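The next block holds one structure in the form of structure tokens; read it before the comments.
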Amino acid sequence: MVTELSAKPAFSLSSTAQSGAANYPGLDDWRDLPISQQPSWQDKEVFDASVKELSVLPPLVFAGEVDILRERLAAAAQGKAFLLQGGDCAETFEAATADKISARVKTILQMAVVLTYGAAMPVIKMGRMAGQFAKPRSSNDETRNGVTLPAYRGDIVNGYEFTPESRGHDASRMLRAYHTSASTLNLIRAFTQGGFADLRSVHQWNKGFTENPAHARYESLARDIDRAIKFMDSCGADFEALKRVEFFASHEALLLDYERALTRIDSRTGFPYDTSAHFLWIGERTRELDHAHVDFLSRVRNPIGVKLGPSTTGDDALRLIDKLDPEREPGRLTFITRMGAGNIREKLPAVVEKVTASGAQVLWVTDPMHGNTVTSPNGYKTRNFDDVIDEVRGFFEVHHALGTVPGGLHVEMTGDDVAECLGGADPIDQDAFLDRYESVCDPRLNHMQSLEMAFLVAGALAKH
């Protein structure tokens with residue numbers, strides 16, 4: 001049977017006349033374009049009230065911070081820095097606790113220390129955090145035991161519980177997403193500026209990782225880092241400065257109702273910034289050139305990423321550059337390749353070659369997660385750690401062969417001891433899924449697998 005959600009007519013923002021917070025030429029042109037992966041809000045009054053409130057709330061991030069990130073990403077595109085971007089597949093309101101947030105930040109910092117040593121260059125630390133509440137879905141509906149309800153589209157749209165009440169598209173959830181993001185960012189700033197991120201402490205955490213017999217092969221690199229830190233200390237390095245780190249927030253700009261309402265005009269420059277995050281990306285499912293997502297994000301000043309799957313051609317990439325980075329501005333555009341371990345070595349070279357020949361300088365980042373999703377024999381959505389690592393290796397091999405810059409790593413990970421991806425040196429098997437599989441969407445690397453990846457990538461960076 002099919003359960004009806006509401007007697008009220010559903011609608012989307014593209015059919016309304018609301019203008020959002022900032023008035024700027026072209027910011028609302030996306031409303032007249034094709035758009036996919038959007039909710040059908042149940043209650044127009046709730047929607048109008050939510051957008052009105054979002055439009056006047058303080059920005060979650062500041063334009064000056066966004067400009068700093070653009071400079072950092074420009075350096076990464078030139079091979080002078082490396083981007084580490086990690087966090088949950090889909091954040092949930094329930095998981096926005098101090099312990100879970102600190103575990104994620106801690107894991108990213110641990111990975112960054114290892115990568116910094118391997119790359120011998122600064123690592124830009126960016127979380128898929130404080131806004132990653134919306135998720136694209138392959139189907140609008142989900143059927144269980146003959147009951148069909150709307151698919152779960154992330155906590156910003158509806159709930160995960162399979163009931164008509166939970167799965168209704170509730171626009172008031174956008175306000176909860178805003179406030180949850182604000183509290184998450186507040187905690188991240190406290191952690192990264194208040195001594196939690198001290199290089200010496202972070203390194204001690206990693207020494208605990210390498211003491212595990214399963215990870216003993218990484219002990220040599222850990223000892224090298226230990227000697228480097230002791231050398232810096234004995235030379236009188238300013239460890240006060242090393243107690244604080246820059247940490248940026250990012251998410252997929254999927255829900256344009258939310259992104260538009262949080263767009264503000266910068267008082268310094270007069271330009272629009274999407275203040276929901278420092279960095280926003282367009283997914284593989286929504287990167288159509290003449291559709292709403294590309295149009296809207298072409299008009300804000302944030303650094304923008306685009307996910308590129310195995311069907312991407314060099315001409316596709318050039319057209320995206322022309323639309324999203326017409327001025328060829330350093331740090332503006334990042335291409336996040338997600339082609340799968342079996343495709344990366346075959347599909348990526350032609351795209352990189354064409355972009356490089358055009359003279360455009362984008363930042364190339366690998367997402368080794370999304371192209372390697374499989375179903376385990378016992379029915380869980382999972383990824384094999386070996387496949388994930390193989391795609392990373394392929395990414396570096398392609399760029400090494402072409403003489404181009406492998407500039408970053410984008411992973412779905414958590415700081416918790418979950419069991420969602422198979423394998424690793426301290427292996428996870430499918431039986432562990434029964435007790436420790438927690439993701440509401442895609443499988444993530446757990447704490448130990450994330451650190452193992454960092455040590456392996458550090459080796460590839462050192463060779464490159």
Side-chain angles (χ1 to χ4, degrees), residues 82-92 95-97 99-116 118 123-133 135 184 188 191-192 197 202 205-206 209 212 215 218 247-252 279 281 305 307 336 338 341 365-373 380-392 395 408-428 432-433 436-458 460:
F82 189 81
L83 172 64
L84 171 62
Q85 186 177 8
D88 266 328
C89 159
E91 291 180 285
T92 63
T97 65
D99 287 345
K100 288 187 177 294
I101 294 167
S102 66
R104 259 176 283 158
V105 172
K106 177 179 176 179
T107 303
I108 292 171
L109 294 175
Q110 288 181 262
M111 295 174 73
V113 167
V114 177
L115 293 172
T116 300
V123 169
I124 305 159
K125 291 162 276 288
M126 186 187 297
R128 287 174 55 111
M129 298 172 67
Q132 183 59 15
F133 292 112
K135 290 299 295 182
T184 300
I188 290 172
F191 285 145
T192 54
V202 175
W205 300 335
N206 276 343
F209 165 81
N212 182 328
H215 305 125
Y218 307 119
F247 197 100
F248 300 98
S250 68
H251 63 259
E252 180 178 355
F279 179 94
W281 75 85
K307 292 285 189 83
I336 306 166
R338 40 150 296 176
V365 171
T366 179
D367 167 4
M369 308 296 291
H370 285 89
N372 295 302
T373 305
Y380 284 82
K381 193 177 185 180
T382 189
R383 289 154 179 158
N384 288 292
F385 185 77
D386 288 348
D387 291 340
V388 170
I389 294 300
D390 189 47
E391 179 156 1
V392 175
F395 175 78
L409 177 67
H410 178 124
V411 289
E412 290 183 336
M413 44 70 64
T414 177
D416 301 326
D417 184 28
V418 301
E420 295 170 4
C421 291
L422 295 165
D426 194 0
I428 297 292
F433 295 167
R436 291 159 52 205
Y437 196 106
E438 298 179 9
S439 176
V440 296
C441 195
D442 289 339
R444 306 159 295 175
L445 300 178
N446 65 24
H447 176 71
M448 289 298 189
Q449 289 169 327
S450 299
L451 294 182
E452 183 175 358
M453 170 179 274
F455 276 94
L456 290 169
V457 174

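Remember, predicted model here, so these are calculated numbers, not experimental data.
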Problem set entry | Expected output: side-chain Glu420 to main-chain Glu438 donor-acceptor under 3.5 Å | yes
Exercise. Quick one: CG on Leu445 to CD on Glu452, what's the gap to the nearest 0.5 Å?
Worked result: 9.5 Å
For this session: Determine, stepwise, if the pair Leu409 / Met453 fulfils side chain to side chain contact (heavy atoms under 4.5 Å, CB included).
Result: CA-CA 10 Å; Leu409 177 67; Met453 170 179 274; 3.7 Å; yes
For this session: Can you spot which of Lys135, Arg104, Lys100, Arg128 makes a salt bridge (Lys or Arg N to Asp or Glu O under 4.0 Å) with Glu91?
Result: Arg104
Exercise. Below 4.5 Å, heavy atoms only, C-beta onward: do His370 and Arg383 meet side chain to side chain?
Worked result: yes
For this session: Starting at CZ of Phe247, measure out to CG of Leu84 and round the result to the nearest 0.5 Å.
Result: 8.5 Å
Exercise. Which value, rounded to the nearest 0.5 Å, describes the distance between Ile188 atom CD1 and Ile101 atom CD1?
Worked result: 6.5 Å
For this session: Using atom types as modelled and distance alone, determine if a side-chain donor or acceptor of Glu412 lies under 3.5 Å from a backbone N or O of Asp442.
Result: no
Exercise. Got a second to check how far Thr373's OG1 is from Asp387's CG, nearest 0.5 Å?
Worked result: 10.0 Å
Problem set entry | Closest approach of Asp416 to Ala103 (non-hydrogen atoms, all atoms of both residues) | OD1-CB, 3.9 Å
For this session: Start with the C-alpha gap between His410 and Arg338, add the side-chain angles, then the distance that decides, and say whether side chain to side chain contact (heavy atoms under 4.5 Å, CB included) holds.
Result: CA-CA 10 Å; His410 178 124; Arg338 40 150 296 176; over 6 Å; no
Exercise. Going by heavy atoms in the side chains, are Ile108 and Met413 under 4.5 Å from each other?
Worked result: yes
Problem set entry | Test item: Val113 and Leu109 side chains (from C-beta on) under 4.5 Å apart, heavy atoms | no
Exercise. Just how far is it from atom CD1 of Ile124 to atom CZ of Phe82, taken to the nearest 0.5 Å?
Worked result: 9.5 Å
Exercise. Which atoms form the tightest heavy-atom contact between Gly305 and Ile336, and what is the distance?
Worked result: CA-CD1, 4.4 Å
Exercise. Looking at Ser450 and Thr107, what are the two nearest heavy atoms and their distance?
Worked result: CB-CG2, 3.8 Å
Problem set entry | Close side-chain approach of Phe395 to Val392, heavy-atom, < 4.5 Å | no
Problem set entry | Heavy-atom side-chain proximity of Met129 to Val105 below 4.5 angstrom | yes
Exercise. Does some side-chain heavy atom of Tyr437 sit less than 4.5 Å from a side-chain heavy atom of Lys381?
Worked result: yes
Problem set entry | Side-chain donor or acceptor of Gln449 paired with backbone N/O of Asn446 under 3.5 Å | yes
Exercise. Taking NZ, NE, NH1 and NH2 as the nitrogens, is one of them in Lys307 or Glu252 under 4.0 Å from a carboxylate oxygen of the other?
Worked result: no
For this session: Kindly indicate whether the side chain of Met111, heavy atoms from C-beta on, has any atom under 4.5 Å from the side chain of Leu451.
Result: yes
Seminar exercise, completed: Pro368 and Val388 have their tightest heavy-atom pair at CB-O, 3.4 Å
Problem set entry | Closest non-hydrogen atom pair, Asp367 against Glu391 | O-OE2, 3.8 Å
Exercise. For Gln132, does its backbone N or O pair with a side-chain atom of Asp88 as donor and acceptor, under 3.5 Å?
Worked result: no
Exercise. Any idea which heavy atoms bring Trp281 and Ser250 closest together, and the distance?
Worked result: CZ3-OG, 3.7 Å
For this session: Would you mind reporting whether Phe455 and Phe209 have side-chain heavy atoms less than 4.5 Å apart?
Result: yes
Exercise. Which distance, rounded to the nearest 0.5 Å, do you find between the CE of Met369 and the SG of Cys421?
Worked result: 4.5 Å
